[in-house]
Amino acid sequence: IQGMPYGNCLLLSDGPVNNSTGIPFFYVTPKDNTVADLLKNPMASVTLPEADGNFCRKNVIDPEDPRCSRLTLMGQMVTVPPEEVEFAKQAMFSRHPVVRKWPRSYEWFFMKMNIEHIWLQSWYGEVSAIAVEE
């Protein structure tokens with residue numbers, strides 16, 4: 001619906017396993033409504049649950065339970081510049097090898113988020129702002 005936010009699940013990677021950068025990279029197609037919207041208005045947010053954190057795993061708590069931390073990144077989605085494409089490719093393909101088999105006819109390309117704000121929700125609705133530099 002034009003003018004309304006649109007949520008979607010996208011694969012992301014912040015670098016190869018031994019070289020995480022904290023910058024989320026995405027492998028996307030312009031045929032996806034999310035990407036079409038981002039190309040018109042690049043503002044976005046990404047929420048990451050504490051799926052592998054010690055507290056949730058140790059206490060056998062569902063990652064979507066409010067007691068498990070959530071990190072929300074907000075910023076602008078931009079096309080990865082040519083000089084960073086090889087790194088983005090290594091980042092994505094090393095963590096999600098299946099994307100190599102995705103149909104080439106979908107015109108896949110790489111985007112990344114230029115993070116402007118970070119929020120950490122660590123307990124039933126409590127939110128803390130984290131400096132981007134951290």
With a 4.5 Å heavy-atom cut-off, do [X] and [Y] have their side chains touching?
| X | Y | value |
| --- | --- | --- |
| Lys112 | Met77 | no |
| Phe25 | Glu84 | yes |
| Trp102 | Leu11 | yes |
| Leu73 | Pro24 | yes |

Side-chain (Ser13) to main-chain (Ala91) donor-acceptor, under 3.5 angstrom: yes
N/O donor-acceptor pair under 3.5 Å between Thr34 side chain and Asn8 backbone: no
Compare every heavy atom of [Y] with every heavy atom of [X], then report the nearest pair and how far apart it is.
| X | Y | value |
| --- | --- | --- |
| Val28 | Val35 | CB-CG2, 3.4 Å |
| Val80 | Ala88 | CG1-CB, 4.3 Å |
| Ile130 | Leu71 | CD1-CD1, 4.2 Å |

Hydrophobic cluster of Val127, others only, ordered by chain and residue number, side-chain cut-off 4.5 Å: Met74, Trp119
Hydrophobic cluster (4.5 angstrom, side-chain heavy atoms) - remaining members for Val17: none
Joint hydrophobic cluster, Val78 plus Phe110, side-chain heavy atoms closer than 4.5 Å: no
Side chains of Thr47 and Thr72, donor plus acceptor under 3.5 Å: yes
